[in-house]
2 protein chains.
Amino acid sequence: MQAEKIQTLERAIQILDCYTIDQFEMGVREVARLTGLSASVCSRLMAAMKDAGLLTQNPTTRAYAMGPRALRWAEIYSANLDIRNVALPVINELLLETQETISLYILDNDERLCVERMESAQNVRIVARIGRRLPLYAGSGGKVLLAYLPQHRQEEIIRKTDFKPFTSSTIIDPEQLRKELRQIRMQGYAFSNGEWVADAAGVAAPIFDHKGDVIAALTISGPGTRFTPEIIRRHVAAILQAVERISRDLGYIGNAYNQPQQNNPRY
Amino acid sequence: MQAEKIQTLERAIQILDCYTIDQFEMGVREVARLTGLSASVCSRLMAAMKDAGLLTQNPTTRAYAMGPRALRWAEIYSANLDIRNVALPVINELLLETQETISLYILDNDERLCVERMESAQNVRIVARIGRRLPLYAGSGGKVLLAYLPQHRQEEIIRKTDFKPFTSSTIIDPEQLRKELRQIRMQGYAFSNGEWVADAAGVAAPIFDHKGDVIAALTISGPGTRFTPEIIRRHVAAILQAVERISRDLGYIGNAYNQPQQNNPRY
DNA sequence: GAACGCTGTACCACAGAGTGGAACAAAATG
DNA sequence: CATTTTGTTCCACTCTGTGGTACAGCGTTC
């Protein structure tokens with residue numbers, strides 16, 4: 001089942017993964033250094049990827065940058081991700097209502113993956129990036145996804161996790177995390193302040209599919225200074241209403257065995 | 001310079017390209033048929049791509065669909081496409097003002113490539129798809145890009161083009177196209193009605209970079225029935241104002257040798 | 001329920017695709 | 001002008017990827 005890796009493919013992916021939002025232009029040699037591949041391999045692979053449109057080459061610098069070819073693939077993936085489609089209009093409304101950045105995360109490979117975001121128009125705002133991967137133990141969205149996982153999966157991930165203190169508020173004690181996850185399950189939403197990025201706060205709530213499984217987390221995030229107790233209360237109410245609508249649109253009918261949020265003041 | 005193709009890479013790309021918005025789930029054998037590759041090759045490559053996250057596999061059907069891996073690459077490409085970033089807020093305003101679908105196209109490989117779109121919220125609307133490729137000779141956006149190309153490039157593309165009548169309104173006579181392109185250059189914008197999709201009309205205008213080259217086309221599109229002469233006049237005014245702002249934000253200072261739109265009533 | 005068609009995957013001998021060190025020209029740097 | 005660093009090309013070698021075949025599993029169909 002765990003098939004043999006295709007070397008060429010792995011290497012091509014490795015090369016593309018070198019590029020980031022900040023490091024968006026890199027030469028062959030630099031990529032070779034980062035990947036540990038030989039310069040000739042990188043040169044040939046990257047030239048081929050240029051021909052395919054996966055990379056572009058600056059004619060003067062001769063350095064490479066990301067190309068447009070992946071756009072269509074990403075679009076196809078997104079288009080057929082039905083959570084995203086259902087959530088989109090609700091996210092839009094939530095943005096108008098809260099004036100903060102709204103993001104949608106799904107669980108992918110023991111991490112959370114941002115599949116949609118709409119950014120606040122305010123000058124001071126949280127920028128989210130579609131396609132970005134973040135840890136599960138830091139930030140409200142991550143904690144929500146972790147909290148609603150089946151017990152054994154949750155425990156497995158916590159045990160595997162190498163806790164790093166991104167900020168002074170990051171939860172690095174597994175026992176404290178477990179305690180907080182229990183509380184999140186009880187109240188139906190999560191709150192965080194500066195766990196992943198200092199000064200960034202957020203509230204998050206889980207989205208259920210027709211089977212009653214949690215498949216995504218919706219978050220409202222912004223600078224911590226704007227998250228006063230009164231505002232937090234309003235955001236919690238807004239996000240609970242939003243995830244309720246999305247979950248129902250996905251065919252979620254009630255609460256099977258996830259004993260969630262019915263004893264919460266949702267409206 | 002035209003390096004030898006990397007077979008494995010080409011094949012992997014070929015496989016991913018089989019998937020579309022409508023055909024988003026396909027089995028190994030079907031992909032093999034479409035690509036002409038052997039089933040074993042497809043199986044192995046696709047299994048590897050699954051491991052990489054480029055594809056996902058439905059555990060019950062065993063069929064494959066697009067995976068999330070390409071999201072990040074697309075995001076990196078988009079993030080560093082400065083036209084798009086500059087255009088985004090203007091597109092947003094244009095959507096609010098016109099209530100029609102707004103799209104941004106760049107020239108890529110003798111075709112136009114949609115790199116951004118915002119959709120009208122109206123029930124009857126044009127749906128655009130980021131990453132989609134369309135021909136240059138049909139539709140307002142394509143004609144604009146073609147019109148502002150250097151003469152020899154324009155001629156080269158027209159000669160290479162295999163004109164297909166997508167609708168009864170599609171321009172398939174090269175001479176008529178040339179005439180229309182000249183007019184577009186003179187008036188600074190393009191209009192089309194049902195050239196690419198019947199019942200779909202649009203207006204488009206060019207975006208210039210700091211060198212005075214046209215790097216993109218912005219379009220307003222919607223059902224032809226809504227495009228009355230009065231509305232068209234309003235949309236033309238709106239889009240000219242929009243491309244003016246975007247071009248200026250990109251460092252476009254005036255009109256170098258592209259002798260464009262200064263003798264038009266822009267405001 | 002047997003026979004069929006279909007699926008995705010594992011196997012393995014073989015060919016050739018991809019490798020990587022060295023050599024190259026062209027810029028950039030000192 | 002020497003030196004370093006860039007991306008690319010070359011070519012003999014090797015190991016990667018190939019594809020025909022076989023297999024197991026699932027639905028239909030007779």
Side-chain angles (χ1 to χ4, degrees), chain A residues 1-20 22-67 69 76-77 80, chain B residues 1-20 22-67 69 76-77 80:
Chain A
M1 122 157 265
Q2 187 67 295
E4 67 239 61
K5 306 283 182 188
I6 306 291
Q7 194 187 54
T8 313
L9 187 68
E10 294 261 315
R11 290 179 168 183
I13 292 172
Q14 222 182 330
I15 289 172
L16 287 175
D17 277 343
C18 288
Y19 292 87
T20 64
D22 312 302
Q23 279 279 2
F24 65 95
E25 212 182 60
M26 288 167 76
V28 167
R29 234 96 175 180
E30 192 165 1
V31 170
R33 225 168 288 128
L34 277 173
T35 55
L37 301 172
S38 73
S40 27
V41 171
C42 283
S43 179
R44 252 175 308 113
L45 272 176
M46 288 167 78
M49 289 204 257
K50 184 190 75 181
D51 288 347
L54 279 171
L55 292 174
T56 39
Q57 191 174 29
N58 187 323
T60 58
T61 329
R62 289 190 146 188
Y64 288 86
M66 205 55 83
R69 187 57 165 272
I76 293 171
Y77 172 74
N80 294 306
Chain B
M1 115 161 271
Q2 188 65 296
E4 67 239 63
K5 306 283 183 190
I6 306 291
Q7 195 187 53
T8 313
L9 188 67
E10 295 260 315
R11 290 180 167 183
I13 292 172
Q14 223 182 328
I15 289 173
L16 287 175
D17 277 343
C18 288
Y19 291 86
T20 64
D22 312 303
Q23 280 279 2
F24 66 95
E25 211 181 62
M26 289 168 76
V28 167
R29 236 94 177 181
E30 192 166 0
V31 170
R33 227 169 286 129
L34 278 173
T35 54
L37 301 171
S38 72
S40 21
V41 170
C42 283
S43 179
R44 250 174 309 115
L45 273 177
M46 288 167 77
M49 289 203 255
K50 184 189 76 182
D51 288 348
L54 278 171
L55 292 173
T56 39
Q57 191 173 28
N58 187 322
T60 58
T61 329
R62 289 192 146 185
Y64 288 87
M66 205 55 81
R69 187 57 165 273
I76 292 171
Y77 171 75
N80 294 305

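Here is the naming used below: chain letters follow the sequence lines, and residue numbers restart at 1 for every chain. Everything numeric here is computed off the predicted structure, so don't read it as measured data.
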Undergrad: Strictly below 4.0 Å: does A:Gln57 bring a side-chain N or O up to OP1 or OP2 of D:dT6?
TA: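 The answer is no; no side-chain N or O of A:Gln57 sits under 4.0 Å from OP1 or OP2.
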Undergrad: Write down the distance between CG (B:Asn58) and P (C:dT9), rounded to a whole number of angstrom.
TA: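 The answer, rounded to whole Å, is 12 Å.
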Undergrad: At their closest point, which heavy atom of B:Ala65 faces which heavy atom of B:Phe24, and how far apart are they?
TA: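 Looking at all heavy atoms of both residues, the shortest contact is CB-O, 3.1 Å.
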Undergrad: Is B:Met46 close to B:Lys50 at the side-chain level, that is, under 4.5 Å between some pair of heavy atoms?
TA: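 No, every pair of side-chain atoms sits at 4.5 Å or beyond.
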Undergrad: Going from SG on A:Cys42 to OH on A:Tyr64, what distance comes out if it is rounded to the nearest 0.5 angstrom?
TA: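 Atom-to-atom, A:Cys42:SG and A:Tyr64:OH are 10.5 Å apart.
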Undergrad: Nearest whole angstrom, please: distance from the C1' of D:dT8 to the NZ of A:Lys50.
TA: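 The distance from NZ of A:Lys50 to C1' of D:dT8 comes to 11 Å, rounded to the nearest Å.
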Undergrad: Below 3.5 Å, does any donor atom in the side chain of B:Ser40 face an acceptor in the base of D:dG19, or the other way round?
TA: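 Checked by distance alone, the answer is yes.
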Undergrad: With nearest nucleotide decided by heavy atoms, which residue, A:Gln7 or B:Thr61, maps closer to the 5′ end of DNA chain C?
TA: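 On the 5' side of the pair lies B:Thr61.
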Undergrad: Would you say A:Tyr64 reaches D:dT6's phosphate, i.e. side-chain N/O to OP1/OP2 under 4.0 Å?
TA: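 For A:Tyr64, the contact criterion (side-chain N or O under 4.0 Å from OP1 or OP2 of D:dT6) is not met.
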Undergrad: Whole angstroms only, please: what is the CG-C1' distance between A:Leu9 and D:dG17?
TA: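 After rounding, the reported distance stands at 12 Å.
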Undergrad: Kindly compute the distance separating CE (B:Met66) from CD (B:Gln23), expressed to the nearest 0.5 Å.
TA: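 Interatomic distance, B:Met66 CE to B:Gln23 CD, rounded to 0.5 Å: 12.0 Å.
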Undergrad: Enumerate donor-acceptor pairs with a distance under 3.5 Å from any side-chain N or O in residues 8-15 of chain A to protein atoms, sequence neighbours excluded.
TA:
residue: A:Gln14; atom: NE2; partner: A:Thr35; partner atom: O; Å: 3.3

Undergrad: Tell me the interatomic distance from B:Arg62, atom CZ, to D:dG27, atom C1', rounded to whole angstroms.
TA: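 Result: 14 Å.
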Undergrad: Check every strand shown and say whether A:Ser43 touches a base, only sugar-phosphate, or nothing at a heavy-atom separation below 4.0 Å.
TA: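 Answer is base: heavy atoms of A:Ser43 come under 4.0 Å of a base.
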Undergrad: Measure the spacing between OG of A:Ser43 and CG of A:Leu37 and express it to the nearest 0.5 Å.
TA: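 A:Ser43 atom OG to A:Leu37 atom CG measures 12.0 Å (nearest 0.5 Å).
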Undergrad: Starting from P on C:dA10, measure out to CD1 on A:Ile6 and report it in whole angstrom.
TA: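 Atom-to-atom, A:Ile6 to C:dA10, this comes out as 12 Å.
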Undergrad: Grab the CG-P distance between A:Leu37 and D:dG7 for me, whole Å please.
TA: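 Taking atom P of D:dG7 as the reference, CG of A:Leu37 is at 14 Å.
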Undergrad: Just how far is it from atom CZ of B:Arg69 to atom CG of B:Leu16, taken to the nearest 0.5 Å?
TA: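 Answer for the CZ-CG pair, B:Arg69 versus B:Leu16, is 12.0 Å.
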Undergrad: Would you indicate what A:Glu10 reaches in the nucleic acid, counting non-hydrogen atoms under 4.0 angstrom: base, sugar-phosphate, or nothing?
TA: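 Nothing, no nucleic acid heavy atom in range.
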Undergrad: For the helix from C:dG1-D:dC30 to C:dA28-D:dT3, what is the angle between the axes at its two ends, each from 5 pairs, rounded to 10°?
TA: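 Nearest ten degrees gives 40° for this helix.
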Undergrad: Which value, rounded to the nearest 0.5 Å, describes the distance between A:Asn58 atom CG and A:Glu25 atom CD?
TA: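 One gets 5.0 Å once the value is rounded to the nearest 0.5 Å.
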Undergrad: Could you check whether the side chain of B:Arg11 and the base of D:dG17 have a donor-acceptor pair of N or O atoms closer than 3.5 Å, going by distance alone?
TA: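 Such a pair does not exist between side chain and base.
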Undergrad: Could you tell me whether a side-chain N or O of A:Tyr19 sits under 3.5 Å from a main-chain N or O of A:Met26, the two making a donor and an acceptor?
TA: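 At least one qualifying donor-acceptor pair exists.
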Undergrad: Working to the nearest 0.5 Å, report the span between CZ of B:Arg44 and CE of B:Met49.
TA: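 The CE atom of B:Met49 is 12.0 Å from CZ of B:Arg44, to the nearest 0.5 Å.
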Undergrad: In residues 23-34 of chain B, which residues come under 4.0 Å of DNA chain D by heavy atom?
TA: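 Those residues whose heavy atoms fall under 4.0 Å from DNA chain D, taken from residues 23-34 of chain B, amount to none.
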Undergrad: Could you tell me whether the side chain of A:Arg44 has a donor or acceptor atom within less than 3.5 Å of a complementary atom in the base of D:dG7?
TA: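 Result: no qualifying N/O pair found.
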Undergrad: When you measure from the side-chain N and O atoms of B:Thr8 to the phosphate of C:dG18, is any distance below 4.0 Å, counting only OP1 and OP2?
TA: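 The answer is yes; a side-chain N or O of B:Thr8 sits under 4.0 Å from OP1 or OP2.
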